[in-house]
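First comes the structure, then the notes that go with it.
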Amino acid sequence: MAFIERDIDEIKDELKERFILTSKILYGRELSELSQNEVYNAVAAVVKQYTTENWIKTNKQYAINDNKQIYYFSIEFLLGRLLNTNLINLDLKNALKIVLKELDVKLDDIYNEEPDAGLGNGGLGRLAACFIDSMASLSLPAHGCGLRYQYGLFEQKIINGTQIEIPDNWLRDGYAWEFRKPNKAVNVRIGGHAYMKEVPGEENLQLVYEGYTDIMAVPYDVPVIGYKNTTVNTLRLWNAEVNMDFSDYGTLTQEEINQRQEYRRWVNRITEYLYPDDRLSDGKKLRLLQEYFFVSAGVQSIIRHFMRTHDNVYDLSDKIGIHINDTHPATAVPEMMRILVDDYGLEWEDAWDITTQTCAYTNHTILPEALEKWDVGLFKEMLPRIYMIVEEINRRFLEGIRKKYPGDEALVRELSIIENGQVHMARLAVVGSYSVNGVAKIHSDILKTSTLKYFYKVFPRKFNNKTNGITHRRWLISANNDLAHLIDDKLTREWRQNIKLLKKINNYVDDPDFLKAIKKVKRARKRDLAKYVLSHNKVRVKIDSIFDIQVKRIHSYKRQLMNILHIMYQYNRLKNDPDYDMPVPVVYFFGGKAAPGYYTAKETIRLINAVADKINNDESINGKIKVIFLENFGVSLGEMVYPAADVSEQISTASKEASGTGNMKFMMNGAITLGTMDGANVEIHEQVGDDNCVIFGLRADEVISYYENGNYNAWDEYNTNENVRTVMNQLTDGTYGNFQTLFDYLINSNDEFFILKDFNAYIEAHEEIVRRYQDQDAWLRSSAVNIANSGIFSSDRTITEYAEDIWDIEPVEIK
Ligand code: 26Y
């Protein structure tokens with residue numbers, strides 16, 4: 001069934017009727033008596049009515065076709081709000097707007113009533129959310145599988161310049177988009193003892209698994225609605241619940257009752273909150289439990305469903321693909337083996353063939369401290385049967401390696417899944433998958449030549465690249481509708497479904513009227529942000545300043561510290577150097593959360609706010625520089641911020657940022673990238689050329705060579721570079737308060753991310769930006785070139801590549 005664009009007038013009446021009725025059913029009151037939040041819920045309920053029919057049809061179609069389906073396993077899905085994008089995808093937005101207006105309700109006012117589903121930390125979780133949007137919009141049979149955390153990523157408050165974390169109780173008023181499916185619950189087994197025992201008269205040893213704890217996994221399904229098509233896929237989020245029978249309650253002793261209460265508390269902790277760390281793999285038990293919990297529930301329910309509908313288990317990998325998003329779901333490999341061998345009685349070799357033809361793995365990080373490793377003791381204690389299977393996978397794998405590379409024990413050590421008392425999750429994921437990919441060209445190359453080089457030697461054909469992407473429906477059509485309309489005017493609306501067409505905007509980059517229109521939209525978005533900043537930060541910013549923005553998690557390698565040190569340098573010059581002029585004022589925006597235990601990151605936030613406080617209140621500089629810290633940056637704030645940027649700060653130390661996706665959101669909204677040759681910046685540069693972005697700093701090979709040769713000395717930089725010395729001294733001389741710890745961090749870590757080394761190049765890059773900005777025509781042209789060439793960074797392109805090269809699936813027409 002093709003998507004039918006309905007006439008607004010026709011659908012309007014139906015919508016109105018449904019809305020009024022739904023409000024009454026839900027709340028038993030007249031519409032006029034409802035709170036904003038209740039109105040929001042009624043609207044969402046109406047939207048669901050337009051979703052469920054196609055949801056059912058989609059599932060039926062997949063069953064009829066018996067096509068392969070992909071399950072994207074991710075410990076994070078950073079969805080943000082869904083009302084606006086769902087309305088756009090269902091093509092209901094305009095009609096609903098009219099209906100609500102007739103009823104005296106403003107659609108724009110009720111968006112904010114939706115909780116911002118923050119079930120993720122940053123890039124990896126947001127990527128998963130963009131991906132499921134593209135899967136549905138491309139009519140691909142592919143779903144998400146993750147965890148339903150009761151608390152999402154903390155809300156950030158800045159108090160006296162310091163980050164304070166507030167729990168994010170996002171489910172407090174209920175979540176309109178989820179459907180609890182208790183009849184699809186499964187049990188997950190944790191702990192206990194597993195061993196093999198001899199059985200008299202039997203040739204094979206028999207598995208004994210006893211003393212384990214059962215946890216009930218209950219799925220909550222969220223419909224994933226395709227853009228103007230009839231596909232509705234599923235995001236399945238698992239909730240941990242107690243599994244017990246209360247019929248014997250009257251017979252229990254007090255001690256037994258206490259035990260059960262303890263058990264209940266323990267179970268509730270499993271899906272209680274999202275770990276707010278995307279940096280340190282700290283080996284916490286609960287984290288491993290979370291990982292295995294959703295993996296086991298997901299794999300069990302997938303295989304159970306497959307077995308019910310198919311006769312031949314050997315067809316499994318033709319019908320199912322499991323995608324492992326980073327190593328967090330890597331236990332999918334041994335869990336599949338467990339189910340096939342223990343529950344369905346397959347021979348190991350057969351189970352292994354099926355498993356390794358089903359699983360595919362994406363790596364998202366090369367920072368050593370973020371690579372997951374688990375102590376054998378803990379792993380065994382929590383997942384004894386899974387550990388046995390990992391050991392056996394490793395034993396057989398190394399046996400093969402020793403045969404192929406006799407005598408190379410050094411190689412064996414590098415490859416061993418279990419080494420020095422630790423289980424290496426990336427190694428497990430690589431061995432158990434048929435495909436291993438990085439998330440930008442340079443990152444995939446670094447995986448091959450460095451992080452996973454020994455695996456590349458052994459399995460060269462598994463490795464491939466899939467450069468990340470973002471959904472242009474949220475980040476352009478929804479977040480910057482005016483810009484989308486300008487593009488419609490030139491290309492018709494077809495580009496919205498076929499993002500390749502966006503390239504044709506290149507035909508208009510010299511059209512003065514088009515550029516003027518772009519400028520107008522940019523100013524409108526800057527005005528929106530300025531208004532927000534006035535009300536939240538109580539700082540007035542001029543919209544004809546350059547809006548220079550860095551929004552992302554606070555991390556040493558992302559170098560927010562370099563950014564603020566540069567602002568300190570610029571401020572010094574403005575104050576002290578009579579020849580220095582800033583022809584264009586600049587507003588520097590920062591936004592991002594620091595992991596609660598990450599001291600350097602939190603001190604960086606404090607420094608940014610201290611500098612902001614001083615500079616913003618210094619009237620002598622005539623508002624030439626303003627510094628704004630945007631509190632609680634997340635998906636919803638991002639929707640306002642990316643469209644308002646002139647300059648996109650992408651300044652990670654080359655080789656460290658796997659891809660970045662914020663860089664793509666900025667580009668698509670016409671910002672100029674000021675960046676290093678890192679992650680997807682390299683490909684942005686490839687798309688737009690030197691004239692339309694500003695690249696600076698050490699290249700990845702130079703950085704890696706410094707690390708390898710140990711021939712960099714931060715003190716030398718301090719001693720020989722006056723620019724560096726002056727601002728570093730200001731960290732401790734009281735200019736902004738006491739930031740001795742940041743000074744010490746830079747020195748003691750020997751400036752591990754080359755902030756000092758890249759400092760002068762960064763100053764020059766900023767000077768280049770200001771030079772370019774002064775030629776407004778050329779700047780606008782650059783902005784247009786960025787928009788025109790951003791289509792390649794749509795997740796529709798990325799997901800098409802996954803579908804063709806890794807998953808082997810095709811679009812399914814829902815009839
Ligand atoms: C194990 C634990 C500490 C951990 C938790 C979360 C480790 C890593 C993460 C998240 C990593 C992450 O978000 N990586 C980012 O993935 C994006 C999507 O591929 C990339 O664009 C970005 O460069 C990368 O840092």
Side-chain angles (χ1 to χ4, degrees), residues 194-196 204-205 207 209 281 283 288 291-292 295 299 317 322 324 326-342 346-363 366 368 371-438 447-464:
Y195 56 94
M196 305 304 290
N204 291 332
L205 296 174
L207 170 72
Y209 184 21
S281 176
L288 181 62
E291 295 182 354
Y292 179 67
V295 162
V299 178
S317 59
I322 290 181
I324 301 175
D326 217 292
T327 55
H328 322 135
T331 48
V333 172
E335 175 65 2
M336 225 180 134
M337 290 299 290
R338 183 190 71 76
I339 295 170
L340 295 176
V341 172
D342 295 355
L346 264 68
E347 292 296 328
W348 182 277
E349 290 79 5
D350 293 337
W352 185 244
D353 285 346
I354 295 170
T355 300
T356 52
Q357 282 160 33
T358 301
C359 295
Y361 157 62
T362 300
N363 174 289
I366 53 173
L371 286 179
E372 276 196 303
K373 296 178 197 100
W374 294 100
D375 281 340
V376 163
L378 182 144
F379 199 99
K380 223 169 163 170
E381 179 194 335
M382 290 294 106
L383 313 173
R385 177 57 184 149
I386 294 299
Y387 183 71
M388 285 170 81
I389 292 172
V390 172
E391 271 188 321
E392 183 61 11
I393 291 172
N394 195 38
R395 193 187 66 73
R396 290 176 183 243
F397 167 57
L398 294 183
E399 195 175 77
I401 295 296
R402 289 195 169 102
K403 244 186 229 148
K404 201 165 157 197
Y405 306 92
D408 196 346
E409 281 305 303
L411 179 67
V412 168
R413 262 195 307 283
E414 296 289 349
L415 295 172
S416 185
I417 297 170
I418 301 166
E419 193 208 357
N420 281 334
Q422 293 192 305
V423 183
H424 289 238
M425 300 304 267
R427 298 181 187 179
L428 174 63
V430 174
V431 173
S433 299
Y434 65 90
S435 167
V436 176
N437 74 282
L447 289 181
K448 290 200 275 194
T449 55
S450 165
T451 320
L452 296 174
K453 64 180 174 196
Y454 300 104
F455 286 91
Y456 180 59
K457 177 181 164 135
V458 177
F459 303 117
R461 283 199 307 276
K462 284 190 187 184
F463 284 73
N464 64 93

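Excluded from the calculations below are hydrogen atoms, water molecules and symmetry mates; all remaining heavy atoms, backbone and side chain alike, are included. Computed from a predicted structure; not experimentally measured.
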Which distance, rounded to the nearest 0.5 Å, do you find between the [atom1] of [X] and the [atom2] of [Y]?
| X | Y | atom1 | atom2 | answer |
| --- | --- | --- | --- | --- |
| Met382 | Glu291 | CE | CD | 13.5 Å |
| Leu207 | Met388 | CG | CE | 6.0 Å |
| Asp408 | Arg402 | CG | CZ | 10.5 Å |
| Tyr456 | Lys448 | OH | NZ | 4.0 Å |
| Arg413 | Glu419 | CZ | CD | 7.5 Å |
| Glu335 | Asp342 | CD | CG | 9.5 Å |

When you look at CD of Glu409, are more than 12 heavy atoms from neighbouring residues, nucleotides or ligands closer to it than 6.0 Å?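 Yes, enclosed.
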Within a reach of under 6.0 Å around NZ of Lys462, are more than 12 heavy atoms found that belong to other residues, nucleotides or ligands?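 Count over threshold, so yes.
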Side-chain heavy atoms of [X] within contact of [Y], under 4.5 Å:
| X | Y | result |
| --- | --- | --- |
| Val376 | Gln422 | no |
| Trp348 | Met337 | yes |
| Pro334 | Leu428 | yes |
| Leu452 | Phe459 | no |

Minimum heavy-atom separation for [X] to [Y], with atom names?
| X | Y | value |
| --- | --- | --- |
| Pro368 | Lys373 | O-NZ, 4.3 Å |
| Ser317 | Thr358 | CB-OG1, 3.3 Å |
| Arg427 | Ser416 | NH1-O, 2.9 Å |
| Ile339 | Val299 | CD1-CG1, 3.7 Å |
| Tyr434 | Thr356 | CB-O, 3.2 Å |
| Cys359 | Gly432 | CB-O, 3.6 Å |

Ion pair present between Glu392 and Arg396, side-chain N to carboxylate O less than 4.0 angstrom?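 Arg396 and Glu392: salt-bridged.
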side-chain contact (heavy atoms from CB on, under 4.5 Å) between Tyr361 and Thr327, worked out: CA-CA 8 Å; Tyr361 157 62; Thr327 55; 3.6 Å; yes
Let me see the working for Arg395 and Glu399 under salt bridge (charged side-chain N to carboxylate O under 4.0 Å, His left out), right down to the final yes or no. CA-CA 6 Å; Arg395 193 187 66 73; Glu399 195 175 77; 3.3 Å; yes
Single hit among Asp326, Thr331, Leu371 for side-chain contact (heavy atoms from CB on, under 4.5 Å) with Met425: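 Among the candidates, only Thr331 passes.
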Sole candidate of Asn363, Asn437, Val430 that passes side-chain contact (heavy atoms from CB on, under 4.5 Å) when paired with Leu447: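 Result for side-chain contact (heavy atoms from CB on, under 4.5 Å) with Leu447: Asn363.
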Criterion side-chain contact (heavy atoms from CB on, under 4.5 Å) on Trp352 and Leu340, from CA distance to verdict: CA-CA 9 Å; Trp352 185 244; Leu340 295 176; over 6 Å; no
Plane angle bin for Phe455 and Phe397 - parallel if under 30°, tilted between 30 and 60°, otherwise perpendicular: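 The rings of Phe397 and Phe455 lie parallel, inter-plane angle below 30°.
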With sequence neighbours excluded, residues passing ring-ring contact (aromatic ring centres under 6.0 Å, His included) with Tyr405: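 By the ring-ring contact (aromatic ring centres under 6.0 Å, His included) rule, Tyr405 matches no residue at all.
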With side-chain contact (heavy atoms from CB on, under 4.5 Å) as the criterion, how do Phe463 and Val436 come out once you've worked through the C-alpha distance, each side chain's angles and the decisive distance to 0.1 Å? CA-CA 5 Å; Phe463 284 73; Val436 176; 4.0 Å; yes
Might you work through the side-chain contact (heavy atoms from CB on, under 4.5 Å) test for Val333 and Ile324, ending with a clear yes or no? CA-CA 9 Å; Val333 172; Ile324 301 175; 4.0 Å; yes
